[in-house]
Protein chains: 2
Amino acid sequence: MERQKGVALWRQIADRIRASITQGDYDATGMVPAETQLAAAFGVNRHTVRSALAALAQEGIVRAAQGRGTMIVRRDKFTFPIARRTRFTEGIGAQARDLEGLLLSSGREPASEDVARRLKLAIGEPVIRLDALRKADGRPLSRTTTWFPAERFHGIDVAFRRRGSITCALEDLGVADYLREVTEISAIHAEPDDVADLALTPGAIVLVTRALNTDMDGIPMQYAVTRFPADRVEFTITN
Amino acid sequence: MERQKGVALWRQIADRIRASITQGDYDATGMVPAETQLAAAFGVNRHTVRSALAALAQEGIVRAAQGRGTMIVRRDKFTFPIARRTRFTEGIGAQARDLEGLLLSSGREPASEDVARRLKLAIGEPVIRLDALRKADGRPLSRTTTWFPAERFHGIDVAFRRRGSITCALEDLGVADYLREVTEISAIHAEPDDVADLALTPGAIVLVTRALNTDMDGIPMQYAVTRFPADRVEFTITN
DNA sequence: CAACATTTGTGCGTATGTATT
DNA sequence: GAATACATACGCACAAATGTT
């Protein structure tokens with residue numbers, strides 16, 4: 001391996017491996033050669049190859065598995081539409097064969113500063129919190145924490161557990177329709193909880209949405225913070 | 001350092017340093033202690049500390065500088081509104097003291113498959129491409145590549161260079177108003193170009209928007225792919 | 001200006017642990 | 001169980017950047 005001036009060896013190697021992957025050199029096996037082989041091929045120490053592979057893993061291009069090797073990752077994304085009538089289940093609907101919504105936990109709690117501000121409640125007023133995980137074709141697709149004013153939406157947790165969908169649960173509570181008022185989107189690195197819940201690798205990207213839904217009269221109804229694995233989801237806003 | 005079963009040492013150390021940072025232990029200097037000091041404090045090898053710091057750097061919490069140390073990063077985000085009338089300059093407007101738009105390069109070229117589809121042109125029809133960098137208060141805020149149908153928008157490159165804003169440039173070409181038809185949002189790890197253009201570190205997150213603007217008659221006018229540093233920007237969609 | 005100490009960056013060698021085949 | 005392959009951790013050495021003397 002020739003040393004380019006000023007560019008670390010492991011970076012050069014990462015670039016070359018990335019190029020080989022996109023060029024399809026490893027398509028036969030779908031795997032990158034073993035670290036020892038790469039080290040020999042490039043004439044560097046195995047640690048140097050590991051630095052390169054770590055960078056690629058962090059980019060989500062490859063995924064190393066202890067004892068098996070380093071696999072090349074290829075997956076396409078779900079498109080999640082964001083509009084005035086945003087519905088999770090309908091939105092993803094046709095893109096997956098199988099959708100499920102799991103209620104992880106729920107509870108009644110006093111509204112935090114953030115939740116109170118969004119739902120236009122006083123701080124400390126009771127809200128119902130739902131923690132839900134949504135899966136598409138068996139793979140985690142989102143992790144939502146959502147809050148409802150407690151008095152108006154008593155029983156929403158039971159309804160959600162039964163129906164597996166917020167929209168359906170709200171129907172059961174007599175809410176025929178609702179609107180998405182505002183959505184905030186940001187992106188961060190996966191935190192330990194995300195790694196666990198969304199089956200991500202540390203360093204993966206999580207898209208975070210903060211959404212406020214109102215009833216047809218414009219009264220705040222639901223505030224939801226949802227975390228999506230960025231390698232499996234993208235958003236579409238149609239105006 | 002006690003070894004927890006099944007959790008790598010460097011992860012435990014990363015968690016402890018992160019906790020110390022959020023707790024404000026290092027606020028006096030705004031820096032993390034030197035690697036050798038941390039290694040001694042935790043009773044581990046310097047490489048182990050480096051793994052931990054690398055993870056934190058990758059999360060954007062710290063930033064290491066050769067010869068100086070590892071600084072704690074603290075910054076807040078610009079909010080970029082996405083709506084039917086989305087205008088970059090107006091959108092960021094009040095949030096920055098100083099906004100500038102730089103034309104990096106421009107040219108006339110045949111429409112690629114992607115560009116042609118979005119602009120509803122035939123593949124190969126001439127389009128004008130603009131590469132622009134936007135800065136807020138001297139810091140790169142976005143990197144846009146945008147395409148216009150060549151015949152209708154002849155001279156847009158000159159106009160943009162003069163005005164530093166797409167909206168103003170379009171005004172000069174007689175386009176008083178336009179609408180955002182659709183916006184796609186995804187998030188990826190920074191690529192080498194992003195690192196250079198947006199002054200990011202490798203491993204940072206880039207928010208990518210793909211937007212189609214039409215004129216008031218709904219005719220596709222501009223297709224833009226914009227890359228934002230995720231640590232400096234978030235999006236708001238108001239329905 | 002030069003010399004020096006400090007601090008992070010890179011790379012190699014070695015050893016051991018752990019998961020998979 | 002044995003072989004293979006990735007994961008973690010330590011130790012050493014030197015390079016490169018920075019700040020100080």
Side-chain angles (χ1 to χ4, degrees), chain A residues 1-17 21 26 29-58 60-73 192 195 199-204, chain B residues 1-17 21 26 28-58 60-73 195 201-204:
Chain A
M1 192 79 192
E2 283 280 318
R3 291 199 189 200
Q4 287 179 32
K5 193 178 157 195
V7 179
L9 247 187
W10 65 266
R11 271 188 209 288
Q12 301 174 44
I13 290 174
D15 290 343
R16 288 181 55 175
I17 296 174
I21 289 173
Y26 309 136
T29 57
M31 310 222 4
V32 171
E35 292 172 354
T36 49
Q37 290 179 40
L38 288 170
F42 290 122
V44 300
N45 188 275
R46 194 181 137 231
H47 278 312
T48 309
V49 168
R50 279 183 61 76
S51 296
L53 289 177
L56 297 180
Q58 202 257 37
I61 293 176
V62 302
R63 183 185 181 106
Q66 202 168 147
R68 281 198 300 168
T70 302
M71 286 149 291
I72 296 166
V73 177
V195 171
L200 295 175
T201 52
Chain B
M1 191 80 191
E2 283 282 316
R3 289 200 188 200
Q4 285 178 32
K5 191 179 157 194
V7 179
L9 248 186
W10 65 265
R11 272 188 210 288
Q12 301 175 44
I13 289 174
D15 290 343
R16 288 181 55 173
I17 296 174
I21 290 173
Y26 309 136
T29 57
M31 303 201 47
V32 171
E35 293 171 356
T36 48
Q37 290 180 41
L38 288 170
F42 290 121
V44 300
N45 189 274
R46 190 180 142 230
H47 278 310
T48 309
V49 169
R50 279 182 61 75
S51 295
L53 288 176
L56 297 180
Q58 203 259 40
I61 292 174
V62 302
R63 184 187 181 104
Q66 199 169 152
R68 280 201 300 169
T70 303
M71 286 147 290
I72 296 166
V73 176
V195 172
T201 52

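Residue numbers start from 1 in every chain, and the chains themselves are labelled A, B, ... in the order their sequence lines are given, proteins ahead of strands.
- Rounded to an integer number of Å, the gap from A:W10 CH2 to C:dT8 C1' is 14 Å.
- If you take CZ of A:R63 and C1' of D:dA5, they are 16 Å apart, rounded to a whole angstrom.
- Across all strands shown, B:S51 has no heavy atoms under 4.0 Å from either base or sugar-phosphate atoms.
- With values rounded to the nearest 0.5 angstrom, A:I72 atom CD1 is found 10.0 Å from A:I17 atom CD1.
- With sequence neighbours left out, A:A41 forms a side-chain contact (heavy atoms from CB on, under 4.5 Å) with no residue at all.
- Screening A:N45, A:V49, A:V44 for a side-chain contact (heavy atoms from CB on, under 4.5 Å) involving A:H47 leaves a single residue, A:N45.
- In this entry the distance linking CE of A:M71 with P of C:dT20 reads 10 Å, nearest Å.
- Atoms CZ (B:R50) and P (D:dC12) sit 17 Å apart, rounded to a whole Å.
- Here the closest heavy-atom approach between residue B:A52 and residue B:A14 is recorded as CB-N, 3.5 Å.
- Contact annotation: A:T48 side-chain N/O to C:dC12 OP1/OP2 distance is under 4.0 Å.
- Taking CZ of B:R46 as the start and CZ of B:R50 as the end, the distance is 5.5 Å to the nearest 0.5 Å.
- Atoms CG (B:L9) and P (D:dG11) sit 12 Å apart, rounded to a whole Å.
- Dashed line: the shortest gap from a side-chain N or O of A:N45 to OP1 or OP2 of C:dG13 is under 4.0 Å.
- Between A:I13 atom CD1 and A:L38 atom CG the span is 8.5 Å, to the nearest 0.5 Å.
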How would you summarise protein contacts on nucleotides 13-21 of chain D per nucleotide, using B for base, S for sugar-phosphate only and - for none, with heavy-atom distances below 4.0 Å? ---BBBS--
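- Nearest heavy atoms, A:W10 versus A:T48: CB-O, 3.6 Å.
- Rounded to a whole Å, the CE atom of B:M31 is 15 Å from the P atom of C:dT6.
- We find that CD of A:E35 is positioned 5 Å from C1' of D:dC6, with the value rounded to whole Å.
- Whole-Å rounding puts the B:F42 CZ to D:dC10 C1' distance at 17 Å.
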